[in-house]
Protein chains: 2
Amino acid sequence: MGFNYNEKQPVYGQLVDELRKQIKNNYKPNDKLLSEREIMRKYEVSRNTVREALSELENIGYIYRQHGKGTFVASWMDDTTKIGDEYSFTEQMKSLGRKPETKIIEMSERKADEYFSGKLRINVGDPIVKLKRLRLADGMPMMIDRTYLPAEKFENLSIYELETKQRSLYNVFLEDYGEKVRLADEMLSVGIISDKDADLLKIAPNSPGFMLRRTTYNHKNEIIEYTISSARGDQFVYNIKYKH
Amino acid sequence: MGFNYNEKQPVYGQLVDELRKQIKNNYKPNDKLLSEREIMRKYEVSRNTVREALSELENIGYIYRQHGKGTFVASWMDDTTKIGDEYSFTEQMKSLGRKPETKIIEMSERKADEYFSGKLRINVGDPIVKLKRLRLADGMPMMIDRTYLPAEKFENLSIYELETKQRSLYNVFLEDYGEKVRLADEMLSVGIISDKDADLLKIAPNSPGFMLRRTTYNHKNEIIEYTISSARGDQFVYNIKYKH
DNA sequence: CAGTGGTCTAGACCACGCC
DNA sequence: GCGTGGTCTAGACCACTGC
């Protein structure tokens, strides 16, 4: 019952996949899993490795542990709702059954100043691409994105792909540049939409809205995008789940 | 430079606190931390313990790691406020180094109507406890919580514990009623703070703020709390991480 | 090449829940 | 007492980065 040590994936990753499969097929919510020591013997790995795998399953909300009692299948495994939602506007709108549309208002190149060199973790003076986009759903203006990219990673970024073909930025990242998003980290605050933005969004001046700053990381933990957005306050509801 | 093994807190937890303090005082965003082996020698702990501490700091977004290069201070650490990974106001404020305080404005019992029976998954007519609280940080009014609890689960809830002793609601849930929070599900939107709330919060009328609705679940997937909150828009920043 | 984080092992003791 | 998860150690080798 051992694992392959020559795989690309580490042993604890293989264990995660194996346990996830088992939970899906053979367990019900609140069922008790094998104990750490039993898993250890069954798959011939050390307890540390077992605990790494279980910690990952705990983090994604598949299981919970109780000191002195055991490890159990999470109780909402029967719920259909997805935990950890979507950060892509295009995908968000599609999943809500609304038709997303993006208009590029500006695309330009500049040199990174102190601020953006820090935000993108590049050197001052390195070239960055600025992309300003108006996002609509079923024709209604929803939000404005100001995206800053390290130009060296995304040479020859094409307005045609983004606007005419209406591909999502993340789709272009992945399929045209091989940059896979691993983590998107968003800071969300409330503010009054600026007059200029309110005009583009076709809303009244001084309307409240969401201000978002998003940093996106690839698998090497490099920053591939920094975006500042203004979103209509009356059109968005955020769902946040805190798991313990 | 060693740690105390007889503390209530485990060694890696003490390390987390120590490193967090150091980062706050002596480091800037994107600075390189001591390597894992250096930390190991400096504090006389094993590398595993160091890595447990660093993983925790990574999870709460204080640091990031780069294979072959080192461990670095996260780039948002220049921001002053950040909320996320915590749904408890008390804990949030403590982790920001601010002194939390709670004033109970109202505590009453009533029978559940259609709306609250649905929100708490109880029968219409079952008793519920309403708790209205003003939350302050360093004496500044920050938010107003309206909390609804199934009265049968929380008999004899004590204002003394909550107000005089300033214990957090979740602490009382856990230690006095054995109800451990498994999941808090928050819906977050933007709105204008009502005049009545603006008065309590000592802010100008028509100020924008966060509107929150939170449902909290225990291990049996029962609902133990439903809370509606209004929070000052100028005092909160939410952090959301999307992992892929 | 040396130094870094990533993975893995074997073994130990502690704290908790239950009978 | 016994089995469970929680913490900790010492040591090993791998994979990646930068010189």
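We use all heavy atoms of the structure for the numbers below, so side chains are in, but hydrogens, waters and symmetry mates are not. Chain letters run A, B, ... following the sequence lines, proteins first, then strands; residues in each count from 1.
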So which protein nitrogen or oxygen atoms get under 3.5 Å of nucleotides 17-19 of chain D's nitrogens or oxygens?
from, atom 1, to, atom 2, distance (Å)
D/dG18, OP1, B/K69, NZ, 3.3

Please report, rounded to the nearest Å, how far the [atom2] atom of [N] is from the [atom1] atom of [X].
X	N	atom1	atom2	answer
B/R41	D/dT9	CZ	P	15 Å
A/M40	D/dG3	CE	P	14 Å
A/R47	D/dA10	CZ	P	18 Å
B/L15	D/dG6	CG	P	20 Å
A/E44	C/dC8	CD	P	15 Å
A/Y64	C/dG17	OH	P	14 Å
B/N48	C/dC13	CG	P	18 Å
A/R65	C/dA15	CZ	P	19 Å

B/R135: what forms a salt bridge (Lys or Arg N to Asp or Glu O under 4.0 Å) with it, not counting sequence neighbours?
-> B/D145

Considering residues at least two apart in sequence or located in another chain, which fulfil the salt bridge (Lys or Arg N to Asp or Glu O under 4.0 Å) criterion with B/R47?
-> B/E36

Can you tell which of D/dC8, C/dG6, C/dT7 lies closest to the side chain of A/Y12?
->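 Given the options D/dC8, C/dG6, C/dT7, the side chain of A/Y12 is closest to C/dT7.
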
Among C/dG6, C/dC8, D/dT4, the nucleotide that comes nearest once only the side chain of B/R51 is considered =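 Among the listed nucleotides, the one closest to the side chain of B/R51 is C/dG6.
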
Output all residues satisfying side chain to side chain contact (heavy atoms under 4.5 Å, CB included) with B/M107, sequence neighbours left out; order by chain, then residue number.
-> B/I104, B/V129, B/L131, B/L157, B/I159

Is there a donor and acceptor pair closer than 3.5 Å between the side chain of B/R37 and the base of C/dG5?
-> yes

For B/E52, report the nucleic acid contact type (base, sugar-phosphate, nothing); a contact means any heavy atom under 4.0 Å.
-> nothing

Partners passing ring pair (Phe, Tyr, Trp, His ring centres under 6.0 Å) against B/Y170 (at least two apart in sequence or in another chain) =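 Partners of B/Y170 by the ring pair (Phe, Tyr, Trp, His ring centres under 6.0 Å) criterion, ordered by chain and then number, come out as B/Y87, B/F173.
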
Those residues that, when tested against A/Y115, pass ring pair (Phe, Tyr, Trp, His ring centres under 6.0 Å) (two or more places apart) =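 A/Y115 satisfies ring pair (Phe, Tyr, Trp, His ring centres under 6.0 Å) with no residue once adjacent residues are dropped.
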
Going by an N to O cut-off under 4.0 Å, is there a salt bridge joining A/E222 and A/R121?
->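 Looking at A/R121 together with A/E222, the answer is no, because their closest N to O distance does not fall below 4.0 Å.
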
Kindly compute the distance separating CG (A/L33) from CD (A/E38), expressed to the nearest 0.5 Å.
-> 10.0 Å

